[in-house]
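Heads up, the thing below is written out as structure tokens.
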Amino acid sequence: MEPGAKSEAKQGEARAGSGAGASGSGSGGGSIKVYHERQRLQFCLLHALNNLMQEKECFTRVELDGIAGNLVLSDPNKGQWTPLSFIFKPHHNVITGNYDVNVLITALEARKKKVVWHDRRKGASSIDLNAEALVGLMINVPIRRFRGLWTGRHWVAIRSIDGIWFNLDSDLSEPKQFKDKENVIGFLDSVLSQGGELMVVLRDE
């Protein structure tokens, strides 16, 4: 993280008890503190990474832009760029963000994390949600906005916090708690069936 850098996120915290996660910072016995960044522009990967790591400014826009820039330097197709390529670069949009999977993998590897792309043919049930090395899951889903006039992809973090699984989608107003692990598997299978991609994030230390 760059010294003094500020996150582009709309930050928020939620505390979830035995029921669904509730927004706000009120305290209560047995409550679970959940960090949740809200969506801004197309910085969903930035928000998803911080939500995955459960840490404010664990990653910053400055850092992700730097990673994308370094990836561009090694792009074998750089000589074929058009003027628009300097805005809609291969690994991110310099105005709105919209980072790709290469930025995600490089950013997490810098934090000693390993990203494993899940084979959709195996289904979500083949993922060991109890694995000791498991940090969480990153999903990339197709989305439609403005009544279908604009289509794109969206990054979402899914992880367990104190034994409870949460959907930390930055498009949500607050974290969404899963009922149980079977509910998580069902959700992930639905994502895969609708063209989503799933990446398993593991500690690599």
Side-chain angles (χ1 to χ4, degrees), residues 7 9 11-14 16 20-21 32-39 42-59 63-64 67 91 97-143 152-205:
S7 171
Q11 286 102 10
E13 284 189 350
I32 299 172
K33 188 176 181 180
V34 180
Y35 180 74
H36 181 234
E37 286 188 3
R38 298 286 307 284
Q39 180 78 10
Q42 290 180 307
F43 292 105
C44 56
L45 179 59
L46 172 62
H47 308 316
L49 285 169
N50 287 336
N51 289 339
L52 175 74
M53 301 299 286
Q54 284 294 284
E55 182 180 338
K56 178 181 178 181
E57 297 184 352
C58 180
F59 295 93
E63 180 178 3
L64 297 191
I67 290 171
H91 305 291
N98 201 21
Y99 306 98
D100 73 2
V101 67
N102 299 287
V103 176
L104 176 147
I105 293 171
T106 305
L108 286 172
E109 286 180 345
R111 299 296 192 278
K112 297 185 178 180
K113 303 296 183 290
K114 179 170 65 174
V115 179
V116 179
W117 208 305
H118 180 69
D119 185 346
R120 64 173 61 248
R121 296 171 298 179
K122 297 180 180 180
S125 61
S126 63
I127 301 171
D128 184 3
L129 297 181
N130 298 313
E132 185 175 344
L134 180 64
V135 176
L137 308 168
M138 293 288 285
I139 59 176
N140 186 258
V141 296
I143 55 171
R153 310 284 299 188
H154 181 61
W155 290 105
V156 178
I158 309 289
R159 69 162 293 165
S160 174
I161 302 170
D162 290 345
I164 298 176
W165 281 87
F166 288 92
N167 179 346
L168 300 171
D169 188 346
S170 59
D171 267 348
L172 296 175
S173 60
E174 61 186 46
K176 184 175 181 180
Q177 180 178 324
F178 289 101
K179 180 180 178 181
D180 49 35
K181 291 176 184 175
E182 288 70 26
N183 192 219
V184 177
I185 294 299
F187 172 78
L188 295 175
D189 278 332
S190 176
V191 166
L192 293 172
S193 70
Q194 296 177 52
E197 300 291 345
L198 171 58
M199 278 138 278
V200 181
V201 181
L202 304 166
R203 280 182 285 275
D204 189 24
E205 299 180 79

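Basis for what follows: all heavy atoms, side chains included, without hydrogens, waters or symmetry-related copies.
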Before you tell me yes or no, could you show the steps for N51 and H36 under side-chain contact (heavy atoms from CB on, under 4.5 Å), namely the whole-Å CA-CA distance, both residues' side-chain angles and the distance that decides it to 0.1 Å? CA-CA 6 Å; N51 289 339; H36 181 234; 3.9 Å; yes
On a heavy-atom basis, the closest approach of V156 and H154 is CG2-CD2, 3.4 Å
For the residue pair W165 and L137, what are the closest heavy atoms and their distance? CZ3-CD1, 4.2 Å
Please evaluate residues V141 and Q194 with respect to the criterion side-chain contact (heavy atoms from CB on, under 4.5 Å), reporting the C-alpha separation (whole Å), side-chain torsions for both, the decisive distance (0.1 Å), and the verdict. CA-CA 8 Å; V141 296; Q194 296 177 52; over 6 Å; no
Residue pair D128 / V200, side-chain heavy-atom distance below 4.5 Å: no
Would you find a donor on one side and an acceptor on the other, under 3.5 Å apart, between the side chain of R38 and the backbone of L172? yes
Heavy atoms of R153 and G196 approach each other most closely as NH2-CA, 4.1 Å
Pair L134, L202 - check side-chain contact (heavy atoms from CB on, under 4.5 Å), show working. CA-CA 5 Å; L134 180 64; L202 304 166; 4.0 Å; yes
Does F59 offer a backbone N or O that forms a donor-acceptor pair with the side chain of N50 under 3.5 Å? yes
Please name the pair of heavy atoms, one in G136 and one in L52, separated by the smallest distance, quoted to 0.1 Å. CA-CD1, 3.8 Å
Counting distance only, does the side-chain N/O of R203 pair as donor-acceptor with the main-chain N or O of E132 below 3.5 Å? yes
Going from CG on D171 to OG on S173, what distance comes out if it is rounded to the nearest 0.5 angstrom? 10.5 Å
Donor-acceptor check, side chain of R111 to backbone of C58, threshold 3.5 angstrom: yes or no? yes
About how many Å separate CD1 of I139 and CG of N167, when rounded to the nearest 0.5 Å? 6.5 Å
In a check of side-chain contact (heavy atoms from CB on, under 4.5 Å) between L45 and each of L104, N140, V101, which one passes? L104
Taking atom CG of D189 and atom CZ of R120, what is their separation to the nearest 0.5 Å? 11.0 Å
Report the C-alpha separation of L49 and M138 in whole Å, then their side-chain angles, then the decisive distance to 0.1 Å, and conclude whether the side-chain contact (heavy atoms from CB on, under 4.5 Å) test is met. CA-CA 8 Å; L49 285 169; M138 293 288 285; 4.3 Å; yes
D169 side, atom CG; E174 side, atom CD - distance, nearest 0.5 Å: 12.5 Å
Roughly how far, to the nearest 0.5 Å, is the NZ atom of K122 from the CG atom of L192? 13.0 Å
Could you tell me whether a side-chain N or O of W155 sits under 3.5 Å from a main-chain N or O of Y99, the two making a donor and an acceptor? yes
What one should report as the nearest heavy-atom pair of A124 and L188 is CB-CB, 3.6 Å
On a heavy-atom basis, which atom in G123 and which in S126 lie closest, and how many Å separate them? O-OG, 2.9 Å
Backbone N/O of V103 and side chain of T106: donor-acceptor pair under 3.5 Å: no
For the CD atom of Q54 and the CG atom of L168, what is their distance to the nearest 0.5 Å? 5.5 Å
